[in-house]
Visitor: 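Below you will find the structure I want to go over with you.
Computed over heavy atoms, backbone and side chain alike; hydrogens, waters and symmetry mates excluded.
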2 protein chains.
Amino acid sequence: MEKIDRVAIIGVGLIGGSLGLALKKAGFASEIIGIGRNRESLEKACELGAVDWVTTDTSAGVKHVDIVVVATPISVIFEIIPKISPLLPSRCIVTDVGSTKQKIVEEMDLLPINFVGGHPISGSEKRGIDAAREDLFLDATVVLTPTRKTDRHALQVIISLWENIGSHVLEMDPKEHDLLLAITSHLPHIAASSLVEIVSTCKHKDVPLLLGKGFKDTTRIAESDPILWRDICLSNKEVIVKVLSKYREIIANFEQLIARGDKEQLTEGFSRAKKWREKIDEIFIS
Amino acid sequence: MEKIDRVAIIGVGLIGGSLGLALKKAGFASEIIGIGRNRESLEKACELGAVDWVTTDTSAGVKHVDIVVVATPISVIFEIIPKISPLLPSRCIVTDVGSTKQKIVEEMDLLPINFVGGHPISGSEKRGIDAAREDLFLDATVVLTPTRKTDRHALQVIISLWENIGSHVLEMDPKEHDLLLAITSHLPHIAASSLVEIVSTCKHKDVPLLLGKGFKDTTRIAESDPILWRDICLSNKEVIVKVLSKYREIIANFEQLIARGDKEQLTEGFSRAKKWREKIDEIFIS
């Protein structure tokens with residue numbers, strides 16, 4: 001594969017900043033350019049060595065680059081890529097890190113650009129360049145969602161970008177990605193936020209003293225960026241609505257088992273969850 | 001307060017074993033006796049220094065003790081305390097560590113014993129003596145639920161037991177305890193188990209690769225002991241059923257906001273949860 005000279009990262013927050021740090025460390029490109037609106041974040045990204053130089057002028061930033069990675073909330077991906085599309089060098093590859101894929105990929109496939117949809121399964125409830133870490137994507141799964149329109153060479157370049165920084169690339173149909181992530185990621189976020197909601201409406205003064213480690217771990221992700229999650233929910237809404245409804249059914253089933261005092265089924269339900277969850281632990285530890 | 005000579009702990013698992021370790025370290029009693037059915041756990045508790053001697057013979061174990069702590073699943077608390085009641089020395093105090101309180105306290109108040117209901121808000125998804133830690137209750141809240149029948153001196157002794165090992169005692173009405181814990185602990189457990197249930201029914205081979213740190217933290221507590229949780233659910237069922245139904249309403253509300261694409265309310269909902277969750281983090285860090 002040819003040498004990559006310049007990579008522009010639009011949005012130097014947790015994901016963009018971490019990607020910059022990892023790409024610099026791996027020596028993937030000779031120059032990494034940080035593009036954003038917030039001068040302070042851009043300067044911080046420079047100081048940390050996540051990027052070589054920065055600009056708030058998107059058109060100046062994407063000139064002469066080989067790859068543009070858009071690492072912004074999903075609503076900004078929809079705004080910014082059509083805007084930069086006419087400014088890009090002809091062989092430039094555009095990729096993103098959005099947590100939903102079908103709508104993004106559909107829309108980007110209509111533009112005259114070389115697009116590869118991407119989603120690193122890695123993150124944190126923290127946000128912003130201050131939370132960036134060069135190992136955020138090490139051993140993480142990165143889903144890429146090529147379509148019939150996707151250029152095979154562009155796909156190979158983006159695979160190599162992630163593999164260079166230690167991620168495991170998984171190719172998947174965008175629709176399938178959105179269905180699976182609704183279950184593994186979007187649902188848990190809403191479930192955790194709803195747990196916080198119900199506890200926060202309980203005004204008893206001692207509530208904070210009654211929150212154990214279980215509650216804290218279970219709801220940690222409710223601290224994530226609201227705008228990011230609003231965009232995720234709205235760009236995968238049909239699927240998420242179905243998954244939430246299924247989740248309510250499972251909760252209602254527990255409710256019925258408890259109400260009728262069904263010892264056996266209740267033990268069976270908790271045991272099944274325990275067993276499956278332990279299996280997953282093993283996969284992750286290995 | 002008079003010196004405590006002997007404490008018997010019935011059930012030397014995670015909670016009983018950790019309590020033994022902490023009481024030994026604090027020098028709270030001159031002798032700690034471990035009582036249980038599983039010889040292997042009892043021997044391990046001895047080896048670890050959580051107890052001074054052990055027996056599978058409950059009546060031998062509780063002879064001449066000042067305090068009996070019952071650290072078993074709730075269904076065993078209901079079985080064992082009435083059984084040992086006639087065997088106890090006259091001034092002996094009985095306490096428990098059950099995660100629900102109203103039904104336990106009601107039943108124990110009918111017995112001719114000196115009972116103080118207790119619940120340390122501390123635990124782990126792990127179980128058994130191997131997971132025991134002498135600092136499990138350090139800085140943890142321990143709720144005690146005295147009733148009109150509770151002897152004031154007995155209450156003081158149990159307060160001093162927990163304070164000696166660094167716990168913060170909170171006195172609370174048993175009914176109030178069960179209502180609040182249904183929200184802060186019982187609900188999160190069922191929510192997490194239901195998340196695991198929905199993911200486990202999804203048979204796509206790549207699912208394990210798509211589970212990020214968010215999913216893992218959110219569902220960690222689903223690994224807890226199924227029998228323990230069956231007992232908790234059944235001994236607080238009226239309240240838990242109501243709380244689960246309220247939780248389904250909150251999920252249904254998110255569903256509606258997403259279905260109708262209500263950007264503003266969705267941002268507001270996630271922001272409210274984020275803000276409250278961050279406030280809780282501060283309380284815990286301090």
Visitor: Would you call B:Leu234 and A:Lys263 a side-chain contact if the rule is heavy atoms closer than 4.5 Å?
Guide: yes

Visitor: Surrounding NZ of A:Lys246 (heavy atoms of other residues, nucleotides or ligands, distance under 6.0 Å), is the total greater than 12?
Guide: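 Counting other residues, nucleotides and ligands, NZ of A:Lys246 stays at 12 neighbours or fewer.
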
Visitor: B:Tyr247 side chain to A:Ala191 main-chain N or O, any donor-acceptor pair under 3.5 Å?
Guide: yes

Visitor: Looking only at heavy atoms, which two atoms of B:Ala273 and A:Val196 are closest? And how far apart?
Guide: O-CG1, 3.5 Å

Visitor: Side chain, backbone, both or neither: which part of A:Arg248 has a non-hydrogen atom closer than 4.5 Å to chain B?
Guide: both

Visitor: If you count heavy-atom pairs under 4.5 Å with chain A, which of B:Ile240, B:Leu244, B:Thr201, B:Ile121 comes out on top?
Guide: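 Maximum pair count with chain A is reached by B:Leu244.
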
Visitor: Any side-chain heavy atom of A:Phe215 sitting closer than 4.5 Å to one from B:Ser185?
Guide: no

Visitor: Would B:Glu223 and A:Lys274 pass as an ion pair if we require N to O under 4.0 Å?
Guide: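 Not counted as a salt bridge, because no side-chain N and carboxylate O are separated by less than 4.0 Å.
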
Visitor: To the nearest 0.5 angstrom, please state how far the CZ atom of A:Arg277 sits from the CZ atom of B:Arg220.
Guide: 8.5 Å

Visitor: Would you say that A:Asp206 contacts B:Leu170 through its side chain, given a criterion of any heavy-atom pair below 4.5 Å between the two side chains?
Guide: yes

Visitor: Taking side chain as everything from C-beta outward and backbone as N, CA, C, O, which of these in A:Ser193 sits under 4.5 Å from a heavy atom of chain B? Side chain, backbone, both or neither.
Guide: both

Visitor: Do the non-hydrogen side-chain atoms of A:Ile258 and B:Ile190 ever get within less than 4.5 Å of each other?
Guide: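 Yes, side chains in contact.
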
Visitor: Hey, which of A:Ala259, A:Ser200, A:Ser271, A:Pro188 has the most heavy atom pairs under 4.5 Å with chain B?
Guide: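 Winner by heavy-atom pair count: A:Ser200.
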
Visitor: Could you check which of A:Lys242, A:Glu238, A:His189 has the highest count of heavy-atom pairs closer than 4.5 Å to chain B?
Guide: A:His189

Visitor: Just to be sure I understand the criterion: a residue of residues 171-179 of chain A counts if one of its heavy atoms is under 4.5 Å from a heavy atom of chain B. Which ones qualify?
Guide: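 Answer by number: A:Met172, A:Glu176.
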
Visitor: Relative to chain A, which of B:Asp231, B:Asp225, B:Leu180, B:Leu257 shows the most heavy atom pairs under 4.5 Å?
Guide: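 Result: the option with the highest number of such pairs is B:Leu180.
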
Visitor: Measure the SG-CZ distance between B:Cys233 and A:Phe270 for me, rounded to the nearest 0.5 Å.
Guide: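 Here the interatomic distance stands at 3.5 Å.
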
Visitor: Quick one: CD on A:Glu255 to OG on B:Ser194, what's the gap to the nearest 0.5 Å?
Guide: 10.0 Å

Visitor: For the CZ atom of A:Arg230 and the CD atom of B:Glu268, what is their distance to the nearest 0.5 Å?
Guide: 12.5 Å

Visitor: Using the rule side chain to side chain contact (heavy atoms under 4.5 Å, CB included), only one of B:Val199, B:Ile198, B:Ile251 pairs with A:Leu187; which is it?
Guide: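 With A:Leu187 as partner, side chain to side chain contact (heavy atoms under 4.5 Å, CB included) holds for just one option, B:Ile198.
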
Visitor: If you tally heavy-atom pairs under 4.5 Å against chain A, which of B:Cys202, B:Ala192, B:Ser245 wins?
Guide: B:Ser245

Visitor: Which residues in residues 136-146 of chain A have any heavy atom closer than 4.5 Å to a heavy atom of chain B?
Guide: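 Result: A:Thr141, A:Val143.
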
Visitor: Looking only at heavy atoms and a cut-off of under 4.5 Å, which of A:Leu266, A:Ile183, A:Leu195, A:Ile221 has the most pairs with chain B?
Guide: A:Leu195

Visitor: Give a yes or no on whether A:Lys275 atom NZ has more than 12 heavy-atom contacts from other residues, nucleotides or ligands under 6.0 Å away.
Guide: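 Result for NZ/A:Lys275: open.
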
